[in-house]
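Throughout, numbering of the chain's residues begins at 1 and tracks the sequence. Quantities reported herein were computed from a predicted structural model and do not represent experimental measurements.
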Amino acid sequence: MSNNPPTINIPVPLSAYVKQTLELYFAQLSDHDAVNLHAMVICEVEKPLLEAALTHSGHNQTKAAKVLGLSRSTLRKKLEHYGIS
């Protein structure tokens, strides 16, 4: 029997990962300017979000739209935009 205390897994907020990644991104820019950062970050996050919601809902677009808080037509437009079928 181990005398080690039990491990408690405290989830790290997604925002902490985003902040860390953006800090790394800015550090790698060196002397270059960041351009269209908002659009770039949204695209990087939105596509896997849509994919995860679809997987979670068994690829039922109506359920995925509800999970995401979007209308089904908005979800369909976003899926088309990202080439997700």
Side-chain angles (χ1 to χ4, degrees):
M1 189 161 130
S2 173
N3 288 335
N4 295 332
T7 302
I8 299 173
N9 293 326
I10 299 172
V12 178
L14 180 59
S15 61
Y17 290 111
V18 172
K19 182 178 179 181
Q20 180 182 17
T21 301
L22 286 170
E23 288 170 355
L24 178 61
Y25 176 78
F26 284 125
Q28 292 175 342
L29 278 178
S30 196
D31 292 335
H32 297 90
D33 291 332
V35 179
N36 291 329
L37 185 61
H38 181 267
M40 181 190 79
V41 170
I42 296 303
C43 286
E44 289 290 323
V45 173
E46 192 169 43
K47 183 177 180 183
L49 172 63
L50 298 173
E51 292 169 335
L54 279 170
T55 298
H56 176 75
S57 65
H59 294 275
N60 181 312
Q61 290 183 3
T62 301
K63 289 181 182 179
K66 185 175 181 178
V67 166
L68 292 165
L70 301 173
S71 69
R72 195 169 142 276
S73 63
T74 298
L75 174 61
R76 291 176 62 84
K77 288 176 189 174
K78 289 180 179 291
L79 295 176
E80 184 178 327
H81 172 78
Y82 291 109
I84 301 170
S85 52

(request) Report yes if some heavy atom in the side chain of T21 is under 4.5 Å from a heavy atom in the side chain of V41; otherwise report no. (result) no
(request) Without swapping roles, check the side chain of N60 against the backbone of K63 for a donor-acceptor pair under 3.5 Å. (result) yes
(request) Answer yes or no: does atom CD of E46 have more than 12 heavy-atom neighbours from other residues, nucleotides or ligands under 6.0 Å? (result) yes
(request) Verify the cluster assignment for L22 and V45: are they in a single hydrophobic cluster under the rule of side-chain heavy atoms below 4.5 Å apart? (result) yes
(message) Quick check for you: to the nearest 0.5 Å, what is the distance between N36 atom CG and I42 atom CD1?
(response) 12.5 Å
(request) Under the side chain to side chain contact (heavy atoms under 4.5 Å, CB included) rule, what do L70 and K78 come out as? Steps first, then yes or no, please. (result) CA-CA 10 Å; L70 301 173; K78 289 180 179 291; 4.1 Å; yes
(request) Calculate, to the nearest 0.5 Å, the distance between atoms CD1 and CD belonging to I84 and E51 respectively. (result) 4.5 Å
(message) Once rounded to the nearest 0.5 Å, what's the spacing between atom NE2 of H38 and atom SG of C43?
(response) 10.0 Å
(request) Give the minimum heavy-atom separation between A53 and A64, together with the two atoms involved. (result) O-CB, 3.9 Å
(request) For residues L79 and Q61, determine if any side-chain heavy atom of one lies less than 4.5 Å from a side-chain heavy atom of the other. (result) yes
(message) Do M40 and L29 sit in one hydrophobic cluster, given that two such residues count as connected whenever their side-chain heavy atoms are within less than 4.5 Å of each other, even indirectly?
(response) yes
(message) Taking Y17 as the starting point, is it possible to reach F26 by hopping between hydrophobic residues whose side chains are less than 4.5 Å apart?
(response) no
